[in-house]
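I have placed the structure first, in the form of structure tokens, so that the comments after it can refer back to it.
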Amino acid sequence: MKTNKSTSKLHAPIFGVNFKSYVWGRKALELSRTVNKIAKETDTYLYVMPQLIDVPVITREVEIPVFAPYMDALKPGRGTGFILPEAVKEAGAAGVFFNHTERKLSLTRIENTIQRARELDLISIVACDTPNAAGALAMLKPDIIVPEPPHLIGTLRSVVKEQENFAIQSVNMIKKTDKDIYVLLGGGVATEEDVTKIIELGADGTGAARAICESKDPYKL
């Protein structure tokens with residue numbers, strides 16, 4: 001199976017659509033095609049993150065990068081029920097997202113997963129829930145860090161409207177440690193104004209899940 005064409009072209013601004021468990025299967029493919037269409041109309045780095053089982057199907061149908069929502073740091077061999085990085089790579093994923101507040105990992109597991117992603121040339125996106133955690137994660141040098149206040153996730157009340165200081169502090173903590181790490185501020189992002197404000201505060205991009213997945217017109221939103 002092919003490796004996604006966009007793996008080596010990571011650039012700001014970045015916008016990700018996280019499908020979570022809102023859409024899957026045929027609807028996930030339809031939404032991915034919509035995002036792919038938009039990608040041809042903008043210079044934004046757009047990616048989708050579907051259910052893991054949908055990754056290989058979607059990568060065959062779109063040109064945008066497709067990210068896996070999780071993987072483990074194990075090596076080939078034993079590991080029933082775990083997600084092998086080599087399998088994620090061969091499925092066509094451009095990268096992997098982990099340590100979301102809905103599935104948090106220990107610092108050791110985060111470090112090991114970043115290393116496995118690096119070995120396979122997978123883009124690593126690591127989430128965190130405080131500015132201090134963002135600074136600590138920057139020491140591990142993932143490609144992207146996503147600071148999100150947990151209580152705002154899925155609420156449609158954005159981080160920049162509810163907790164602007166969280167946003168500012170997170171960007172500063174990461175950039176002062178490593179200015180080459182991309183920062184995607186998340187948490188309740190739902191409108192054009194949210195995205196604009198996030199960029200104005202110094203982040204490299206953002207993303208959304210519920211707002212887009214539940215929209216009657218995802219293309220317009």
Side-chain angles (χ1 to χ4, degrees), residues 1-71 83-100 102-103 117 120-127 142-144 146 148 153-154 156 182 184-192 194-195 198-199 204-221:
M1 191 171 293
K2 73 176 183 179
T3 298
N4 197 286
K5 300 174 184 177
S6 302
T7 305
S8 62
K9 299 178 182 178
L10 184 62
H11 64 85
I14 302 168
F15 191 91
V17 183
N18 183 357
F19 295 3
K20 297 193 176 182
S21 296
Y22 292 109
V23 295
W24 59 91
R26 289 188 295 273
K27 287 186 177 180
L29 180 56
E30 180 181 340
L31 182 53
S32 297
R33 286 171 171 160
T34 297
V35 179
N36 193 73
K37 182 176 186 294
I38 296 167
K40 295 178 180 179
E41 302 167 357
T42 175
D43 63 354
T44 301
Y45 184 96
L46 288 161
Y47 71 86
V48 293
M49 190 164 68
Q51 287 280 311
L52 187 63
I53 199 168
D54 291 324
V55 168
V57 174
I58 291 173
T59 57
R60 286 195 294 264
E61 298 293 330
V62 299
E63 295 177 284
I64 54 172
V66 179
F67 281 69
Y70 180 75
M71 76 179 189
I83 308 301
L84 181 68
E86 281 81 358
V88 170
K89 177 74 172 184
E90 192 165 329
V96 61
F97 187 112
F98 47 97
N99 197 48
H100 193 277
E102 294 164 2
R103 190 169 188 177
L120 294 168
D121 196 28
L122 289 167
I123 296 168
S124 55
I125 306 182
V126 187
D143 298 299
I144 301 171
V146 182
E148 298 179 295
I153 294 172
L156 306 183
Y182 293 96
L184 304 190
L185 283 170
V189 176
T191 68
E192 176 184 356
D194 294 339
V195 176
I198 284 170
I199 298 297
D204 299 294
T206 185
R210 179 185 170 190
I212 291 175
C213 292
E214 292 187 342
S215 172
K216 293 181 179 179
D217 190 346
Y219 177 85
K220 182 177 179 180
L221 182 58

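The number of heavy atoms from other shown groups lying within 6.0 Å of CD1 (Ile53) does not exceed 12. Enclosure of atom CD in Glu214 by more than 12 non-hydrogen atoms of other residues, nucleotides or ligands within 6.0 angstrom is indicated.
Taking the side chain as every heavy atom from C-beta outward, Leu52 and Tyr70 never approach each other to under 4.5 Å. Annotation: side chain of Ile123 is in contact with side chain of Ile144 (closest heavy-atom distance under 4.5 Å). For the pair Ser21 and Gln51, the minimum side-chain heavy-atom distance is below 4.5 Å. Counting heavy atoms from C-beta on, the side chains of Ile198 and Val189 come closer than 4.5 Å. Within the 4.5 Å cutoff, no side-chain heavy atoms of Ile153 are placed close to those of Arg210. Between Asp143 and Tyr182, the closest side-chain pair of non-hydrogen atoms is not below 4.5 Å.
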Start with the C-alpha distance between Ile83 and Val88, add both sets of side-chain angles, then the distance that settles side-chain contact (heavy atoms from CB on, under 4.5 Å), and finish with yes or no.
CA-CA 8 Å; Ile83 308 301; Val88 170; 3.6 Å; yes
Before giving the answer on side-chain contact (heavy atoms from CB on, under 4.5 Å), spell out for Val146 and Phe97 the whole-Å C-alpha distance, their side-chain angles and the decisive distance to 0.1 Å.
CA-CA 9 Å; Val146 182; Phe97 187 112; 4.0 Å; yes
Run the side-chain contact (heavy atoms from CB on, under 4.5 Å) check on Val96 and Phe67 step by step: do they pass?
CA-CA 5 Å; Val96 61; Phe67 281 69; 5.8 Å; no
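Rounding to the nearest 0.5 angstrom, the gap separating the CD1 atom in Ile38 from the CG atom in Leu221 is 9.0 Å. How far CG of Leu29 is from OG1 of Thr34: 9.5 Å, rounded to the nearest 0.5 Å. Atoms CD and CG, on Glu90 and Leu84 in that order, are 9.5 Å from each other to the nearest 0.5 Å.
Ion pairing of Glu41 with Lys37 is present here, as a side-chain N (NZ or NE/NH1/NH2) and a carboxylate O approach within less than 4.0 Å.
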